[in-house]
> 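One structure coming up, written as structure tokens, with questions to follow.
These figures come from a predicted structure and were not determined experimentally. Residue numbers start at 1 and run along the sequence shown.
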Amino acid sequence: MSCAGGGAGARTTCSTRSFSKVPPHYGHGRRFKSSILPYTGNRALLSHHLGDMGQLATEQAMLTALADYRALFGQTPAIVAVDAHPGYRSRALGQKLAEQQSWLLETVWHHHAHIAATMVENGWQQGPVLGLALDGTGYGPDGTLWGCEILVCDYAHMARVGHLATVPMPGGEKAAREPWRMLLSHLDNALGVEGASKVQAQLCALKEKQVDTLRSMARAGLNSPLTSSAGRLFDAMAALVGHAPPSMSYEGEAALQLEALAERAGGTCAPLEFGVRMREKLLEIDPAPMWRAALHRLAEGNSSAELAWAFHAGLAHVLARASAQLARHAGLSTVALAGGVMHNGVLVSMLVPLLQSSGLRVLMPAQVPAGDGGLAMGQAAVAAYRHRQL
């Protein structure tokens with residue numbers, strides 16, 4: 001298997017010999033960073049970036065692109081693969097096309113698609129891998145919003161074996177745009193409401209915010225879905241150290257600022273330690289000890305850059321430790337990395353050597369985007385494998 005592609009906005013073409021005996025089909029991306037991937041014969045072509053499927057113009061652009069690629073390949077799809085989230089416009093469009101064109105519809109879980117994209121790009125054909133998927137949010141089989149997941153994956157199946165502990169997203173989608181909301185949620189979880197209330201007055205990110213209203217919403221489960229998101233964890237830490245805007249102007253803004261801070265520090269302090277525990281037969285990464293330690297260091301006068309570096313280092317260490325433990329238990333020796341957080345150079349530069357020192361082979365995304373821009377590749381790969389087995 002080989003891929004050829006360029007920079008942002010470029011198309012990526014992959015050879016997919018292991019999936020050659022399947023009908024022509026395509027993956028359908030997700031709402032944001034939407035792309036399509038016509039998959040026919042032994043070739044797959046990841047389209048140019050199409051944009052937010054919440055916009056009518058983007059939907060029309062997708063339909064136009066699909067018509068263009070059908071003409072380019074000279075074949076009509078028989079299968080369309082879509083994200084499992086019931087609310088995504090890309091899924092609704094895929095369902096509509098399947099009904100109109102009498103195509104088969106395949107539903108693929110968000111994080112399964114992420115890991116499958118890395119597997120197929122690396123030509124993986126040797127059975128299951130341990131998948132480490134870190135991103136903003138993606139709909140999980142349990143109805144919560146996943147985002148820091150350790151999975152056992154092959155092309156047909158996905159099993160969750162570990163994850164970040166869940167916290168509420170107060171205000172739902174607003175919490176993805178306003179990092180202070182996730183800081184409040186994580187501090188309440190780590191310290192309890194009474195403990196968090198004692199420190200919130202000292203934190204600029206939480207001053208003059210409607211924290212009582214949000215806490216009431218979270219307690220009632222009102223517009224406060226549970227999430228294990230790594231992206232939202234980065235947002236919260238950026239808010240703690242004072243380097244997150246009150247409302248982000250683009251996706252990942254707070255996390256990018258936190259990464260830049262960490263680069264500035266250059267490894268001058270000890271990692272912030274996360275907890276690990278087993279709950280309901282799943283390994284759960286507990287950020288509560290990390291938050292308590294971060295607040296202590298902040299009170300002692302540690303700089304924002306030092307805390308940013310210590311956070312990245314702590315997360316890398318706990319992910320490597322958890323992955324090594326779960327890989328041994330599952331009898332696996334390869335880990336595949338995926339999800340938008342894997343664009344973070346500071347985290348990846350720490351994480352990969354730690355995984356390798358544990359004896360794990362690491363599969364990385366390269367030509368196919370690690371984030372949602374590569375989802376269509378994973379969706380199409382999963383659909384191709386399922387139908388090759390029929």
Side-chain angles (χ1 to χ4, degrees), residues 1 3 18 109-135 138 146-165 228 230 233-234 262 267 271-278 281-287 290 311-371 374 377-378 381-382 385:
M1 188 277 183
C3 287
S18 58
W109 293 108
H110 186 92
H111 294 92
H112 188 193
H114 269 314
I115 299 302
T118 297
M119 291 166 64
V120 75
E121 180 183 349
N122 284 272
W124 185 257
Q125 301 179 45
Q126 302 174 42
V129 301
L130 194 76
L132 195 52
L134 275 65
D135 62 359
W146 289 14
C148 183
E149 311 305 321
I150 307 177
L151 312 167
V152 173
C153 287
D154 58 21
Y155 289 110
H157 306 100
M158 171 197 79
R160 192 189 207 191
V161 292
H163 64 93
L164 184 71
S228 56
L233 182 71
F234 274 79
L272 290 167
E273 293 191 9
F274 289 70
V276 175
R277 61 197 178 200
M278 295 301 296
K281 298 183 179 180
L282 292 175
L283 183 147
E284 190 173 83
I285 296 171
D286 181 14
M290 183 277 298
F311 167 76
H312 281 77
L315 184 58
H317 277 83
V318 75
L319 289 172
R321 188 167 78 250
S323 297
Q325 177 182 331
L326 292 170
R328 285 194 301 270
H329 185 265
L332 302 175
S333 59
T334 300
V335 58
L337 308 186
V341 173
M342 294 304 175
H343 288 299
N344 184 311
V346 173
L347 178 69
V348 171
S349 68
M350 297 177 182
L351 177 59
V352 171
L354 290 170
L355 291 168
Q356 291 171 335
S357 68
S358 298
L360 292 170
R361 176 184 177 183
V362 181
L363 305 181
M364 288 285 295
Q367 297 295 340
V368 177
M377 174 70 79
V382 170
Y385 187 90

> Start with the C-alpha distance between L134 and L347, add both sets of side-chain angles, then the distance that settles side-chain contact (heavy atoms from CB on, under 4.5 Å), and finish with yes or no.
CA-CA 11 Å; L134 275 65; L347 178 69; 4.2 Å; yes

> Tell me whether the rings of H114 and H111 are parallel (<30°), tilted (30 to 60°) or perpendicular (>60°).
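It falls in the tilted class, 30° to 60°.
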
> Would you say that S333 contacts R361 through its side chain, given a criterion of any heavy-atom pair below 4.5 Å between the two side chains?
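No, every pair of side-chain atoms sits at 4.5 Å or beyond.
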
> Rounded at 0.5 Å granularity, tell me how far CG in L130 sits from OG1 in T334.
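That separation rounds to 9.5 Å.
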
> First locate atom CG of L363, then atom CG of L355, and finally report the distance between them rounded to the nearest 0.5 Å.
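Between atom CG of L363 and atom CG of L355 there are 11.0 Å.
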
> Does a side-chain heavy-atom distance below 4.5 Å link T118 with V129?
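No - every pair of side-chain heavy atoms lies 4.5 Å or more apart.
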
> Within this structure, what is the CG-SG distance for the pair D135 and C148, rounded to the nearest 0.5 Å?
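With rounding to 0.5 Å, CG (D135) is 9.0 Å from SG (C148).
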
> Given V120 and Y155, is the side-chain contact (heavy atoms from CB on, under 4.5 Å) satisfied, shown in steps?
CA-CA 9 Å; V120 75; Y155 289 110; 3.9 Å; yes

> Which pair of non-hydrogen atoms, one from I115 and one from A133, has the smallest distance, and what is that distance?
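Shortest heavy-atom contact: CD1-CB, 4.0 Å.
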
> Among residues at least two apart in sequence or on other chains, which ones pass ring pair (Phe, Tyr, Trp, His ring centres under 6.0 Å) with F234?
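Only F311, H312 meet the ring pair (Phe, Tyr, Trp, His ring centres under 6.0 Å) criterion with F234.
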
> Please determine whether the number of non-hydrogen atoms from other residues, nucleotides or ligands lying under 6.0 Å from atom CD of E284 exceeds 12.
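Yes, CD of E284 has more than 12 neighbouring heavy atoms, counting only those of other groups under 6.0 Å.
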
> Give the minimum heavy-atom separation between V348 and P353, together with the two atoms involved.
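Nearest heavy atoms, V348 then P353: O-CD, 4.1 Å.
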
> Do H112 side-chain atoms and D154 backbone N/O form a donor-acceptor pair below 3.5 Å?
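Yes, because the side chain of H112 sits within donor-acceptor range (under 3.5 Å) of the backbone of D154.
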
> Could you check whether any side-chain heavy atom of P271 comes within less than 4.5 Å of a side-chain heavy atom of V318, counting everything from C-beta outward?
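A side-chain contact is absent here, since even the closest heavy-atom pair is not under 4.5 Å.
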
> I285 and P287: which non-hydrogen atoms are nearest, and at how many Å?
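Reported closest heavy-atom pair: O-CD, 3.4 Å.
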
> For the side chain of N122 and the backbone of W124, is there at least one donor-acceptor N/O pair under 3.5 Å apart?
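Here the side-chain-to-backbone pair does not exist.
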
> Going from NE2 on H163 to CG on L151, what distance comes out if it is rounded to the nearest 0.5 angstrom?
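H163 NE2 to L151 CG: 10.5 Å, rounded to 0.5 Å.
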
> Can you check side-chain contact (heavy atoms from CB on, under 4.5 Å) on L351 and V362, steps first, answer last?
CA-CA 10 Å; L351 177 59; V362 181; over 6 Å; no

> Backbone N or O of E121 within a donor-acceptor pair of the Q367 side chain at under 3.5 Å?
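No; zero donor-acceptor contacts below 3.5 Å.
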
> Could you go step by step and tell me if L283 and V276 meet the side-chain contact (heavy atoms from CB on, under 4.5 Å) rule?
CA-CA 7 Å; L283 183 147; V276 175; 3.7 Å; yes

> At what distance, to the nearest 0.5 angstrom, does CE of M290 lie from CG of L315?
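Rounded to the nearest 0.5 Å, the CE-CG separation comes out at 8.0 Å.
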
> Which heavy atom in V341 sits nearest to a heavy atom in A230, and how many Å separate them?
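The pair with the smallest heavy-atom distance is CG2-CB, 4.1 Å.
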
> Quick one: list whatever passes side chain to side chain contact (heavy atoms under 4.5 Å, CB included) with A330, sequence neighbours left out.
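A330 satisfies side chain to side chain contact (heavy atoms under 4.5 Å, CB included) with V152, L332 once adjacent residues are dropped.
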
> Which pair of heavy atoms, one from A313 and one from M350, lies closest together, and at what distance?
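Heavy-atom minimum between the residues: CA-SD, 3.4 Å.
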
> Surrounding NE2 of H343 (heavy atoms of other residues, nucleotides or ligands, distance under 6.0 Å), is the total greater than 12?
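Check passes, neighbour count above 12.
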
> For residues A262 and V346, report the shortest heavy-atom separation together with the two atoms involved.
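Heavy-atom minimum between the residues: CB-CG1, 4.1 Å.
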
> Once rounded to the nearest 0.5 Å, what's the spacing between atom OG of S323 and atom CG of L354?
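Answer rounded to 0.5 Å: 10.0 Å.
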
> Can you confirm whether P365 sits close enough to M377 that some side-chain heavy atom of one is under 4.5 Å from a side-chain heavy atom of the other?
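When only atoms from C-beta onward are counted, M377 and P365 do not touch, as no gap falls below 4.5 Å.
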
